[in-house]
Amino acid sequence: MNGVDDSRIGGVDGVDGVGDAQRALGRFLRARRGRVAPEQVGLAGGRRRRVRGLRREELAQLAGISVDYYVRLEQGRATQPSAEVLDALAGALGLDAAERKHLDTLAGARRDPVPRAEVSPLLQRVLDSLDRFPVFVTDHRMDVVAWNALGAELIGGAPGPGSRDRNNARYVFLDPASRAVHPDWEARAAEAVGQLRVAAGRYPDDAELSALINELSAHSADFRRIWATGEVVMCAAGRKRLRHPEAGLLTLDFETLHVPAAPGETGLVVHVFSAEEGSEEASALARLATAVTGVPVPA
């Protein structure tokens, strides 16, 4: 199935980069070099190549390090590489800022404690006060842990037990309904995988997170395919399309706000959606908010 060894799926160590912090760096490097075509970096390609992407020796040459040292990095026999080595590898692989930060996380010796952030009454009060904007909150495992009325309406069924899986990654990969809600499903799927990979690198001792990733790997070929690419995504801002049964297809701007569990720790992520004032989407959101809350909401 898409080049994935099914014999490794379903166990504690069934997914590359999960359940084995010592080898996570090498697995990430291997996945990323598989995404770089030789022609992208000025090397000859050709049909007779036996590996996808760059060979180990090619990446080592581009990064200016010995092949032996790079091989030991991939095999987990060399740990805590210097900042200079990481910079060289990131440059050779063309990593973006999120991927570079993830590389630092995997190369560091620190193992962050699993955050236990809770939704405070104050945070819920803030969510409820934003009645013009759909808002929901997720933790590092992508569990939806809080929402306001319009946010619940937008993502569908969050307040009702059993009506929608409250884990966004499980919903995207295991619920066929997600493909109707997300017209750009492939992008949302890659986003989910990328966020889980970041969390797995940051919290390698989180048994619940490892179990979730292995569950998705066991039941979704799409998850396995995307995970194998080494996708890395950190919550930021942008634009998404969502389809609502009454409001129709909406193109909304989104912003993510971070609520730390403790100073220096990742905690909860607040997802805020909005539409440009005067747009059709703004009018649709206002009508939806009025219907949900029973209070007239101006567009």
Side-chain angles (χ1 to χ4, degrees), residues 96-98 117 119-140 142-160 163-169 171-172 175-195 198 231-260 266-299:
D96 61 23
V119 179
S120 67
L122 173 59
L123 176 57
Q124 187 62 59
R125 190 189 315 156
V126 171
L127 302 184
D128 292 337
S129 70
L130 299 173
D131 54 3
R132 292 182 57 191
F133 304 105
V135 186
F136 62 90
V137 181
T138 57
D139 63 12
H140 68 285
M142 298 187 68
D143 288 322
V144 180
V145 295
W147 50 82
N148 67 2
L150 190 52
E153 181 66 24
L154 182 68
I155 64 176
S163 59
R164 176 201 190 276
D165 198 306
R166 290 187 186 174
N167 181 272
N168 274 346
Y171 171 70
V172 165
D175 190 336
S178 69
R179 295 177 183 265
V181 173
H182 298 292
D184 305 309
W185 186 89
E186 189 71 25
R188 301 289 74 80
E191 182 180 81
V193 169
Q195 291 177 26
V198 168
E231 192 73 39
V232 172
V233 176
M234 294 184 182
C235 293
R239 181 166 290 186
K240 292 182 181 180
R241 295 196 305 161
L242 299 98
R243 183 175 288 108
H244 186 272
E246 296 176 12
L249 182 61
L250 300 173
T251 301
L252 301 176
D253 299 314
F254 73 93
E255 184 71 62
T256 54
L257 311 174
H258 294 265
V259 180
T266 301
L268 301 174
V269 180
V270 182
H271 307 260
V272 184
F273 289 81
S274 64
E276 185 176 354
E277 194 169 343
S279 65
E280 292 184 9
E281 278 80 4
S283 297
L285 279 184
R287 290 193 298 271
L288 198 58
T290 299
V292 170
T293 65
V295 178
V297 175

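Keep in mind the model is a prediction, meaning the values are calculated, not measured. Values below: all heavy atoms of this structure, side chains included; hydrogens, waters and symmetry mates excluded.
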Under the side-chain contact (heavy atoms from CB on, under 4.5 Å) rule, what do L154 and F273 come out as? Steps first, then yes or no, please.
-> CA-CA 9 Å; L154 182 68; F273 289 81; 4.0 Å; yes
In Å, rounded to the nearest 0.5 Å, how long is the span from CD of E280 to CG of L249?
-> 11.0 Å
Roughly how far apart are R166 CZ and D139 CG, rounded to 0.5 Å?
-> 12.5 Å
Inter-residue atom distance N168.CG - D175.CG, 0.5 Å rounding = 11.0 Å
Which pairs would a plain distance check flag for residues 183-193, meaning a side-chain donor or acceptor within less than 3.5 Å of a matching protein atom at least two apart in sequence or in another chain?
residue, atom, partner, partner atom, Å
D184, OD1, R241, NH2, 2.9
D184, OD2, R241, NE, 3.1
W185, NE1, V172, O, 3.1
W185, NE1, S178, OG, 3.2
E186, OE1, R225, NH2, 3.3
E186, OE2, R225, NH1, 2.8
E186, OE2, R225, NH2, 3.1
E191, OE1, K240, NZ, 3.0

Check side chain to side chain contact (heavy atoms under 4.5 Å, CB included) between R125 and all other residues, then give those that pass, not counting sequence neighbours.
-> L122
CZ on R239 to CG on L252, rounded to 0.5 Å = 9.0 Å
About how many Å separate OG of S120 and CG of L268, when rounded to the nearest 0.5 Å?
-> 8.5 Å
For A98, does its backbone N or O pair with a side-chain atom of D96 as donor and acceptor, under 3.5 Å?
-> yes
Can you list, pair by pair, the side-chain donor-acceptor contacts under 3.5 Å of residues 127-138, counting residues two or more places apart and other chains?
residue, atom, partner, partner atom, Å
D128, OD1, Q124, NE2, 3.1
S129, OG, V126, O, 2.7
T138, OG1, H271, NE2, 2.7

Should E246 and R287 be marked as a side-chain contact (heavy atoms from CB on, under 4.5 Å) after you check the CA-CA gap, both sets of side-chain angles, and the distance that decides it?
-> CA-CA 10 Å; E246 296 176 12; R287 290 193 298 271; over 6 Å; no
Take V181 and Y171 through the side-chain contact (heavy atoms from CB on, under 4.5 Å) test and state the conclusion after the steps.
-> CA-CA 11 Å; V181 173; Y171 171 70; 3.3 Å; yes
Nearest heavy-atom contact between S279 and A275 is OG-CB, 3.9 Å
Do you know which two heavy atoms are closest between W147 and V144, and how far apart they sit?
-> CE3-CG1, 3.7 Å
Is there side-chain contact between H258 and V269, with heavy atoms separated by less than 4.5 Å?
-> yes
So which heavy atom on C235 is nearest to which on T256, and how close?
-> C-OG1, 3.4 Å
Side-chain touch L250/R243, heavy atoms, less than 4.5 angstrom = no
Looking only at heavy atoms, which two atoms of A169 and M142 are closest? And how far apart?
-> CB-SD, 3.9 Å
